[in-house]
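First comes the structure, then the notes that go with it.
Atoms considered below: every heavy atom in the structure, side chains included; atoms not considered: hydrogens, waters and symmetry mates. Letters A, B, ... are given to chains in the order of the sequence lines, protein chains preceding strands, and every chain is numbered from 1.
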Amino acid sequence: MSEQAVTAQSEDFSRWYNEIVYRADLAAPSPVRGCVIIKPYGYEIWEGIKGGLDRRFKATGHQNAYFPLFIPESYIKREAQHVEGFSPELAVVTHAGGKELEEPLVVRPTSETVIGEAFSDWIQSYRDLPLLINQWSNVVRWELRTRPFLRTAEFLWQEGHTAHATHDEAEEETLQMLDIYADFAVKDAAIPVIKGEKSRMERFAGAVRTYTIEAMMRDRRALQSGTSHNLGQNFAKAFDIRYLAENNEQAYCWTTSWGLSTRMVGAVVMTHGDDKGLRLPPKLAPYQAVIVPIYRKDDQKPLVMETVNRLEKQIGAAGIRVHVDRREGQSPGFKFNDWEMRGVPVRIEIGPKDVQNNNAVLARRDVPRREGKQFVSQDGIADALDALLNAIQANLLADARAFRDRHISDVGAYDEMRQVVEGGDWARAWWNGSDEDELAVKDETGATIRCFPFEQPGGTGYCVKTGQPAQKVALFARAY
RNA sequence: CGGGGCGUGGCGCAGCCCGGUAGCGCGCACGGUUUGGGUCCGUGAGGUCCCCGGUUCGAAUCCGGGCGCCCCGACCA
């Protein structure tokens, strides 16, 4: 067999990550630098993410639509901060149909501009508001340094765009969508996240306020996993999104945008994975259970397979995503390791003994070796499996939460913060600094302000950098 | 964009210094063996040695130029 074990996380986390992504068959390298091919197993995880989010979007009144991939270059330039933020990483089409284009077309890095232009047509009256639109799409940002899922030149995401009559409604929407992201992350992806507001420096180009959910990866680096922006009237003014109010006066809309991308796949990998490979939360796992049939001689095979086929139907009928590993020529031991690497939450072993005793072995991925194995009766196996999957889902979340909480410290003095952050942990500290102070912290410690958490200790303190009185604590960490 | 590394069957690599029949492991195909934690044996298929030019009787190997990729950092919604 090839190199058997993957590189240990503790040895080289980034190498571990790359190996897992390729060996677990989530993705493959692409011919184009910075892009990846998302393979079926990885894409199914994304489909799980899409499903979980889309359901929540619809439940809160949003509708899906689709806008063009190409954006006239002039659109991008209409909002000053927006163009400044994005121009370094734009891919631009200058030729098409064998001719130079009159106006270059930008491959969308995000769609505030095209959608803003559309909104200005669609919205006439306060009766047209709120307008709640989402699109599932690909976007391109020409990043210099890329990593599969975490940052690729092209990635898949959803971007929500909404328009409202008042600032307060827009703010409410912005926060609601952040809550939806957090709810999804916690309940479906089993990733505990910290909700908070971004600093001025980390704000989306063109936003008035940016909110984020931040997650801690297994190497303790922070990953911004979803963002929600209150755009104020910046884009409304740039794209003339106005409505006629009840009092017959024209007013600019207040808009929002919010996005979550295939980066979430990377978050799942890096939050739950261990030295044996992936550990997928049952809600997002393409296969929630895999049956490995075991037979010694050919004459045992029909008997075992008969039971396996029956259980496959039984389990599938209960709405559990089950897969039978029918590969010939691989030993059960090989298959055990293979599915562990690929993160399947539960492995079901069926051998001659089980056929005879009317039972099956359930082995949970989140508990190693023997302790994770149990015998269950074939009757009612679906119920047992269902309970086990719920337990695993809960355990992964609890695990990740405990890990995260162990690695966040409250600090008072700058030296203390530096020590915590340089050791790889996160630091929570009072903050009242300027943009320059924030840059200096990054320079001196490698950490950035991930967010000002919504959950604040209350009261006031002294800024970790300036020593001045401060109203809020910030979360500092090294980030992806 | 700065620093480092690398381009040789599908993947991972050796060979290069010191020029002379292109090799190993894995994977793949076939046969047998095995199967409750990464079986073993045999047979076989598969290569423009990144590209261009030069030196030479002869270049994967030496020289010149080019291209590409990866890693670290900087940058980054």
Close N or O pairs between protein and nucleotides 44-50 of chain B (under 3.5 Å):
none

According to side-chain contact (heavy atoms from CB on, under 4.5 Å), who are the partners of [X], at least two apart in sequence or on a separate chain?
| X | value |
| --- | --- |
| Glu444(A) | Tyr414(A), Arg418(A), Ala440(A), Lys465(A) |
| Asp435(A) | Arg200(A), Met201(A) |
| Asp379(A) | Asn358(A), Ser377(A) |
| Val367(A) | Arg364(A), Glu371(A) |

Qualifying residues under ring-ring contact (aromatic ring centres under 6.0 Å, His included), relative to [X], sequence neighbours excluded:
| X | answer |
| --- | --- |
| Trp258(A) | Phe57(A), His62(A) |
| Phe184(A) | none |
| Tyr480(A) | none |

**Request:** Answer yes or no: is there a side-chain heavy-atom contact under 4.5 Å between Arg141(A) and Thr110(A)?
**Result:**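 Side chain of Arg141(A) against side chain of Thr110(A), heavy atoms only: contact under 4.5 Å found.
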Do [X] side-chain and [N] base share a donor-acceptor contact under 3.5 Å?
| X | N | result |
| --- | --- | --- |
| Arg370(A) | G37(B) | no |
| Gln224(A) | A77(B) | yes |
| Glu340(A) | G37(B) | yes |

Margin query: With the threshold set at under 4.0 Å for non-hydrogen atoms, list the residues of residues 350-358 of chain A touching RNA chain B in residue-number order.
Written below: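 Nucleic-acid contacts, sorted: Gly351(A), Pro352(A), Lys353(A), Asp354(A).
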> Where along residues 136-150 of chain A does a heavy atom come under 4.0 Å from RNA chain B, residue by residue in number order?
Replying inline: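 Output list: Arg141(A), Glu143(A), Leu144(A), Arg145(A), Arg147(A).
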Given the rule in the ring-ring contact (aromatic ring centres under 6.0 Å, His included) test, do Trp136(A) and Tyr66(A) qualify, once you have shown the distances and angles that lead to the verdict?
CA-CA 7 Å; Trp136(A) 290 95; Tyr66(A) 186 80; over 10 Å; no
* To do: Would you indicate, yes or no, if C72(B) has its OP1 or OP2 atom less than 4.0 angstrom from a side-chain nitrogen or oxygen of Ser14(A)?
  =>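 Checking Ser14(A) against C72(B): at least one side-chain N or O falls below 4.0 Å of OP1 or OP2.
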- Task: Return the stems involving RNA chain B, sorted by first number, where pairs are Watson-Crick (N1-N3 with N6-O4 or O6-N4) or G-U wobble (N1-O2 and O6-N3), both under 3.5 Å, and runs are 3 or more long.
- Result: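 For RNA chain B the paired stretches long enough to count as stems (3 pairs minimum) are B:1-7 with B:67-73, B:10-13 with B:23-26, B:28-32 with B:40-44, B:50-54 with B:62-66.
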Heavy-atom contacts, protein to nucleotides 3-11 of chain B, under 4.0 Å, summarised as B (base), S (sugar-phosphate only) or - (none) per nt, yield ---------
task = Nearest-nucleotide wise, let me know which of Ala360(A) and His229(A) is further upstream toward the 5' end of RNA chain B.
result =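 Per heavy-atom nearest nucleotide, the more 5' residue is Ala360(A).
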